[in-house]
Amino acid sequence: MALGASPAVLDRLWSVVMSRRNADPSVSHSARLLSRGTAKIAQKFGEEAVECLIEATRGEREALIAESADVLYHLLVMWVDAGVRSEEVWAELQRREGISGIAEKASRVRQLPMSFGLRTTKIP
Ligand SMILES: N=c1c2ncn([C@@H]3O[C@H](COP(=O)(O)OP(=O)(O)OP(=O)(O)O)[C@@H](O)[C@H]3O)c2ncn1[C@@H]1O[C@H](COP(=O)(O)O)[C@@H](O)[C@H]1O
């Protein structure tokens with residue numbers, strides 16, 4: 001692993017992918033992917049996510065690291081396609097800091113359709 005590597009690489013990568021929006025698809029993989037549209041971008045993200053979970057379940061640590069990088073790259077392409085800035089996701093993660101996932105889930109409620117009399121109830 002490169003010494004000094006930090007998550008700041010994600011912001012740099014997001015900026016690079018942003019800069020590729022109007023680049024030549026024959027020289028930039030990001031430009032090629034972005035030119036193929038949202039459905040293809042989402043499909044590629046899904047494929048990479050599945051490859052990642054396969055390596056996780058196989059216990060292949062090095063392959064999991066490589067596949068995780070693929071997932072993050074394709075996630076960033078999906079954000080750029082959707083007009084989402086990386087800092088907006090960091091802000092959402094920061095907002096959740098210190099909120100227990102268990103407590104958040106317990107407080108979650110779901111609105112049922114009209115046929116259920118508009119009751120607000122928690123789905124188990
Ligand atoms: N991190 C990545 C990265 N990870 C994976 N990939 C590419 O993603 C592609 C995945 O290959 P696949 O065969 O699965 O996908 P595909 O070629 O679309 O094939 P199909 O599914 O359509 O058949 C490969 O070409 C990988 O090289 C990446 N391409 C680029 N980056 C980063 O993005 C930056 C900008 O890249 P360009 O946009 O190519 O300049 C680079 O400097 C890197 O930092």
Side-chain angles (χ1 to χ4, degrees):
M1 188 179 88
L3 288 179
S6 90
V9 71
L10 288 172
D11 281 326
R12 292 198 299 274
L13 183 54
W14 181 85
S15 296
V16 169
V17 175
M18 271 294 283
S19 76
R20 297 294 199 262
R21 281 176 305 170
N22 298 313
D24 182 349
S26 68
V27 296
S28 160
H29 181 74
S30 312
R32 179 170 177 268
L33 201 45
L34 288 165
S35 73
R36 297 172 81 184
T38 303
K40 185 67 188 180
I41 291 166
Q43 180 196 323
K44 290 302 299 179
F45 172 75
E47 288 173 9
E48 300 299 344
V50 169
E51 287 168 19
C52 190
L53 71 85
I54 288 170
E55 300 305 345
T57 53
R58 290 172 61 194
E60 295 288 344
R61 192 175 177 282
E62 294 306 314
L64 175 59
I65 291 171
E67 293 298 344
S68 297
D70 283 350
V71 168
L72 289 172
Y73 165 71
H74 285 86
L75 180 59
L76 292 189
V77 174
M78 203 156 64
W79 292 353
V80 166
D81 177 63
V84 171
R85 298 194 311 276
S86 54
E87 64 185 5
E88 293 179 276
V89 181
W90 311 152
E92 175 60 16
L93 285 171
Q94 195 167 299
R95 185 188 67 76
R96 296 179 188 186
E97 269 183 336
I99 303 172
S100 155
I102 303 288
E104 185 278 329
K105 189 169 183 177
S107 69
R108 212 181 298 159
V109 292
R110 185 166 147 196
Q111 194 90 14
L112 289 176
M114 293 295 277
S115 57
F116 288 88
L118 268 180
R119 273 192 318 135
T120 299
T121 186
K122 181 176 178 320
I123 306 298

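Counting starts at 1 for both ligands and their atoms, following the listed order.
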Should L53 and I65 be regarded as members of a common hydrophobic cluster, given that ILVMFWY residues are connected when their side-chain heavy atoms come within less than 4.5 Å of each other, either directly or indirectly? no
Ring-plane angle category for Y73 and H29, please: parallel below 30°, perpendicular beyond 60°, tilted otherwise. tilted
Under 4.0 Å from ligand 1, counting heavy atoms only: the protein residues, by chain and number: L13, V16, R20, S28, H29, S30, R32, R36, K40, K44, E48, D70, Y73, H74
For L93, look at atom CG and say whether over 12 heavy atoms of other residues, nucleotides or ligands are found less than 6.0 Å away. yes
Within the distance-only criterion (no hydrogens, no angle test), does the side chain of S28 pair as donor or acceptor with the backbone N or O of D24 below 3.5 angstrom? no
For V16 and L76, run side-chain contact (heavy atoms from CB on, under 4.5 Å): C-alpha distance rounded to whole Å, both residues' side-chain angles, the deciding distance at 0.1 Å, then the answer. CA-CA 10 Å; V16 169; L76 292 189; over 6 Å; no
Determine, using the 4.5 Å side-chain heavy-atom cutoff (strictly less than), whether F45 and M18 are members of one ILVMFWY cluster. yes
